[in-house]
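We count ligands from 1, going down the list as the structure has it; atoms in each ligand are counted the same way.
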Amino acid sequence: MVAARVRVGVWFKEEKMSLRKVVRMFTAGGLIAMAFGAFDGHTSSQKQWEIHDVNRPQPPVIDPGSFSTQDQPGRPPSDAVVLFNGGDLSSWRNAAGEQAKWKVERGHMEVVKGTGTVATRRGFGDCQLHVEWAAPSPAHGEGQERGNSGVFLMGLYEVQVLDSHRNKTYPDGQAAAVYGQYPPLVNASRPPGQWQSYDIIFHRPRFDRDGKLVRPARMTALHNGVLVLDSVELTGPTAHRQRPPYQAHAGKLPLTLQDHGDPVRYRNIWIRELPEG
Ligand code: MG
């Protein structure tokens with residue numbers, strides 16, 4: 001305590017700061033911190049609010065929607081951006097920037113072999129993503145050639161879509177793997193033809209002004225409601241037989257779904273953008 005007092009005393013002397021100046025500085029800092037806190041009712045503001053502070057901003061009220069059944073897709077949360085609700089592909093384009101050419105019928109979209117990856121027209125960064133998919137039934141092919149597609153966050157980071165029901169392949173390439181990096185914690189696959197869900201929480205990588213990586217991408221995912229990726233740190237973009245390093249990119253990029261030649265189906269796709277903390 002004495003040492004601390006001495007050190008503070010020295011600091012005052014060196015900086016030639018009056019007590020009033022110091023108080024003013026701290027007040028300004030507090031106001032700025034409070035302003036930021038108003039946009040973030042969570043972790044970074046823990047220090048700025050007293051415990052049980054009634055003046056702390058109330059979280060926004062939303063309608064959480066409903067869960068899906070095999071017969072019926074659920075209702076997205078009211079604050080989600082709906083990317084596909086079974087109607088049309090107006091939120092999607094192909095690699096050439098034209099309207100996506102995948103098939104839409106009976107409330108789902110289906111990969112049409114050779115028409116290529118589809119990408120959202122909008123870009124996204126940090127997000128919560130919900131995707132439902134079904135592998136072709138009856139099953140066809142083995143390993144990576146059975147019900148292969150993929151959900152690419154920012155078009156770069158793939159969560160594998162594969163019929164992994166009684167279908168062995170390399171673990172970091174099965175359903176719900178971060179392709180080539182992390183196998184899922186468990187294989188929670190349903191049989192082909194049944195609807196399956198991914199709920200993914202993604203934090204994009206951060207780069208400094210010189211394009212140097214300052215924080216890798218991070219992902220948590222649930223497959224059919226079961227935790228399969230627990231806040232894993234991505235090594236870089238996903239690729240086949242390689243782990244390429246990060247390369248600086250924009251803060252928001254389109255989400256893409258892979259055409260791997262198999263008629264995988266998708267329905268009920270929605271995304272919630274997360275505050276960029
Ligand atoms: Mg794939």
Q) Pick one: which of W133, Y266, F152 meets side-chain contact (heavy atoms from CB on, under 4.5 Å) with L257? A) Y266
Q: Please name the residue in the list V104, T120, N268 that meets the side-chain contact (heavy atoms from CB on, under 4.5 Å) test with F84.
A: V104
(Q) In terms of relative ring orientation, are H223 and Y198 parallel, tilted or perpendicular, with 30° and 60° separating the classes? (A) perpendicular
Q: Sort by chain and number the protein N/O/S atoms that are closer than 2.8 Å to the Mg ion (ligand 1), and list them.
A: N148 OD1, S149 O, E158 OE2, Q160 OE1, Q258 OE1
Q) With H249, which residues qualify under side chain to side chain contact (heavy atoms under 4.5 Å, CB included), at least two apart? A) M154, L156, Y157, P205, F207, L253
Q: Output yes when R146 and D262 qualify as a salt bridge under the 4.0 Å nitrogen-oxygen rule, no when they do not.
A: no
Q: Say whether H130 and Q128, considering side chains only, have a donor N or O and an acceptor N or O under 3.5 Å apart.
A: no
